[in-house]
Amino acid sequence: MDQTLARKVNPKPRRKGSAYAVGAEDIYIFPLSESTNLFLQKVWTAFVNKMVSMTLPNGKPIFQYSIFESIQDKNLKIVASATHFRMKQVTDRIGLQSIDDFIRTTIPISIQDPGNLSAKYLREAILSVEKKARPEVYFHSLDDDRVHPNLKQLLTKTMNYAAGIPLFVKGFPIGMLWGIRRDNMSPEQEEEVRQQLYSLYDVVDFVISKEMGVKGDPYYARKNIEKSDLHSRAKHLFYTRGFGQDEPVTTIVFDSHTYQRSYRLDASFLIPSGDGYSVSLKRFEPKDKNDTGKNLLLIPGFFCRRSVMDKVARELSLRHGYRVFSMDMRGRSRRTLPLFGIREGWTVDDFIQEDFPAVLHWIKENFPNEQLVVVGHSMGGMIPRFYCSAYEEIVKRKPNSPVPLTRPDELISGIVSITSPNFVRLQAQIPGLDILKMGLKLVPSKTISDFLFDLTSFSLQTTLPTVDLNKFFKFLLGLHSSLRAVSFDLHAKVVNLRDFVGYKQISPPEWYFLIEDIFCEESTKVVLQFLRSQLSQDRSFLSYDGTLDYTALQKNLQIPLFSVLGSVDKVVPSETIENDLAALPHKKNKILSYEQGHLGIVFHMPVVKEMCSEIDSWIKGLDST
């Protein structure tokens, strides 16, 4: 036969079906069950939120965008999206429409489509997971011709590079998570991203597997994913018998690739305080502790949960080797509230005279041969100072205290007080505040005090008894003609959020997490104590009944004090700290200042690192003569 007449045949590519080894192309991807899909719908925003909040060790954000492609029947579809620069707007409940529009314009891509890269990676991941390994992390230039046309049309000019990881729950794939950025990454940055995405993969699997049952809570699943530490990887999970705990304590052993140290996290120990309330403690236990013989207790401030201290806690524990306890006072979580509901709110006095000493006694009982250094932010720094200064007076007034009142000098060897005032004197821009104070000069202080507390209204249905500030302002406006021109917005907040944060480097994801997780509700009685201190003419912080002046009693403080100031702090200006603390006589006392605002000082990592190094040096010097 003439070869020139032969017709060249190109055989159609066929999948190999006879090989012993199972290849990725052989894998069938099952649709999600209805129950799994319904639960994920309430949670998958946390995946993309966490992705755009990821940072490099220097604090710079890694991704500007994130999308999550979920398995939807026989397709993959983008169902959640977040952008770094829009998270602040999401917090303010604006800008949501554009994200919804973006998701609506996405077109499902069949899992069988040969151009569906995400489906290809999911198949490869199923093989890895079956072999007890984590999936690969994939890095892509988005100029790649392999990017599907349905996705290409969604890209903007700033979407140039992507990193993605398949996500699994209980061994089954749920979708593909992508982070997208403008600039390419160095090999070192890729390795950092790989380690963090492995951690995120573990967190998603663990949290959703735990919460997806009949009594599962999607809210807690979202929060636990969003506030997870991606600089560490979980190795082991146990439910342990804590010190005197009725309920099991969740114990996780981590390896931190950032700090190159293994540590144990216990969450949470519950310690009864008074009237059915409890205090909750989270513990960071490094594998290799330092030899100071000191434990640390971290206390957050007004309106804040202990999460606000997480960066400080990890730095002191994982870099400097301390056993660190982080404290949630009463009212910060459901587990700290009375079993049968709240009869009435709580006061700052309850924090000082019941919650704090309950924790002191618990630590003393369980670690009898070690001393304690208390590190408090804002109100969290007032609590140990006021307890130690007013100890003798508290003992006299509470002969039947519901908790043992530990003598401060038996346990506490030092107090670190971060942007923590002796009295309240906001410099935040609150409309009419100066005029308001002028009017107060015309009113006897007892009248103000009585009126303030008459305004308190308690609710058995909520954790936040309320005060009608509109009535309060109307009362003051009626006192003097010069006040009548002042107009107050009924919904104006007593403290401007930007002034409260006072953090010039804050990123949009940090704004989001502040609103969504760190800030908590507070008892009206606590608010009233702070409001009275703010509006009073004297430099004092009084007990709720007005009979105990904590500020004046600070002259009794005999425990060494390290006070950290924020030079641009409008919530706790230096005048509320510096002069009074400088007068305290202890030779180990120290005052240090950083150019930061109220929360920035515990949020901005360069400052956190430097401040924790100074705290470590100060603690190590406490025992020297």
Side-chain angles (χ1 to χ4, degrees), residues 30-54 66-73 76-83 86-87 90-93 95-96 99-100 102-104 106 165-179 197 199-230 234 237 239 247-248 250 252 267-268 280 282 305-307 310 328 332-337 461-463 509 511-521:
F30 282 91
L32 298 178
S33 69
E34 183 178 359
S35 60
T36 298
N37 193 46
L38 287 173
F39 188 86
L40 288 175
Q41 287 177 23
K42 302 172 184 177
V43 176
W44 55 39
T45 55
F47 307 164
V48 291
N49 287 344
K50 190 63 179 177
M51 197 77 164
V52 294
S53 70
M54 286 171 54
S66 178
I67 61 172
F68 175 61
E69 294 179 273
S70 174
I71 298 171
Q72 301 285 285
D73 195 22
L76 280 172
K77 186 179 188 303
I78 295 174
V79 293
S81 173
T83 61
R86 283 201 180 275
M87 288 191 82
V90 171
T91 298
D92 294 336
R93 303 297 184 251
L96 290 168
I99 292 177
D100 290 340
F102 171 80
I103 292 173
R104 274 195 293 271
T106 63
I165 188 168
L167 296 183
F168 281 63
V169 172
K170 295 184 177 179
F172 293 95
I174 60 172
M176 188 80 188
L177 179 64
W178 291 99
L197 288 184
S199 296
L200 182 54
Y201 169 88
D202 291 342
V203 166
V204 169
D205 187 13
F206 170 70
V207 170
I208 295 181
S209 297
K210 181 182 176 184
E211 293 290 347
M212 206 166 56
V214 177
K215 296 182 179 180
D217 191 328
Y219 172 81
Y220 278 101
R222 287 199 311 274
K223 294 304 109 184
N224 286 330
I225 291 168
E226 289 180 345
K227 66 183 182 182
S228 59
D229 174 21
L230 299 188
L237 166 69
Y239 292 99
E247 298 293 326
T250 302
I252 307 176
S268 297
S280 175
K282 178 168 65 175
R305 296 186 179 95
R306 63 190 177 198
S307 304
D310 275 356
D328 261 346
R332 280 3 186 201
S333 70
R334 289 184 301 192
R335 299 182 75 192
T336 65
L337 297 174
Q461 283 73 42
T462 71
T463 60
W511 272 105
Y512 171 84
F513 291 124
L514 274 170
I515 299 297
E516 294 294 317
D517 176 55
I518 289 174
F519 288 132
C520 63
E521 294 179 337

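The structure displayed is predicted, hence computed values, not measured ones. FYI, the numbering just counts along the sequence from 1.
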Under 3.5 Å, side-chain donor or acceptor atoms of residues 172-179 against the rest of the protein: list the pairs with distances, not counting sequence neighbours.
unit_1: W178; atom_1: NE1; unit_2: E69; atom_2: OE1; d: 3.0
unit_1: W178; atom_1: NE1; unit_2: S118; atom_2: OG; d: 3.2

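Proximity of a side-chain donor or acceptor of R306 to a complementary backbone N or O of R332 within less than 3.5 Å is not detected.
Of the inter-residue distances, the one linking N37 atom CG with I71 atom CD1 reads 10.0 Å to the nearest 0.5 angstrom. With rounding to the nearest 0.5 angstrom, the CG atom of D202 is 11.0 Å from the CG atom of L167. If you take CE on M51 and CD1 on I67, they are separated by 9.5 Å, rounding to the nearest 0.5 Å. Here the NZ atom belonging to K223 is positioned 10.0 Å from the CD1 atom belonging to I225, to the nearest 0.5 angstrom. With rounding to the nearest 0.5 angstrom, the CD atom of E247 is 7.0 Å from the CZ atom of R335.
Atom CD of Q41 has more than 12 neighbouring heavy atoms from other residues, nucleotides or ligands inside a 6.0 Å radius.
A salt bridge is defined here as a Lys NZ or Arg NE, NH1 or NH2 lying under 4.0 Å from an Asp or Glu carboxylate O, and R305 with D328 fails to meet this definition.
Listed by chain and residue number, Y28 satisfy the ring pair (Phe, Tyr, Trp, His ring centres under 6.0 Å) test with F30 (two or more places apart in sequence, or in another chain). Checked against side-chain contact (heavy atoms from CB on, under 4.5 Å), S199 has the following partners two or more places apart in sequence or in another chain: L230, R233. S70 meets the side chain to side chain donor-acceptor pair (under 3.5 Å) test with Q72; sequence neighbours excluded. Applying the salt bridge (charged side-chain N to carboxylate O under 4.0 Å, His left out) test to D217 and every residue at least two apart in sequence or in another chain returns R334. Annotation: salt bridge (charged side-chain N to carboxylate O under 4.0 Å, His left out) contacts of D229 (sequence neighbours excluded): R314. Judged as a side-chain contact (heavy atoms from CB on, under 4.5 Å), and not counting sequence neighbours, the contacts of K210 are F206, Y239, T250. Applying the side-chain contact (heavy atoms from CB on, under 4.5 Å) rule to A221 yields the partners F39, V43, V207, E211; only residues at least two apart in sequence or on another chain are considered. Every residue two or more places apart in sequence or in another chain was checked for a ring pair (Phe, Tyr, Trp, His ring centres under 6.0 Å) with F168, and none qualifies.
Across all their heavy atoms, I252 and A234 have their closest contact at CG2-CB, 3.7 Å. Of all non-hydrogen atoms in D205 and S209, the two that sit nearest each other are O-OG, 2.6 Å. Residues K227 and K50 share a closest heavy-atom pair of C-NZ, 4.0 Å. Residues A82 and V52 share a closest heavy-atom pair of O-CG1, 3.7 Å. K42 and R222 make their closest contact through O-NH1, 2.9 Å (heavy atoms, listed as atom of the first residue, atom of the second, distance). The two residues K282 and A267 make their nearest non-hydrogen contact at CG-CB, 4.3 Å.
For the residue pair N49 / T45, no side-chain donor-acceptor distance below 3.5 Å is found, with atom types taken as modelled.
The aromatic rings of W44 and F68 sit tilted relative to each other, their planes meeting at an angle between 30° and 60°.
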- prompt: Step by step, would you call L40 with L32 a side chain to side chain contact (heavy atoms under 4.5 Å, CB included)?
  reply: CA-CA 10 Å; L40 288 175; L32 298 178; 3.8 Å; yes

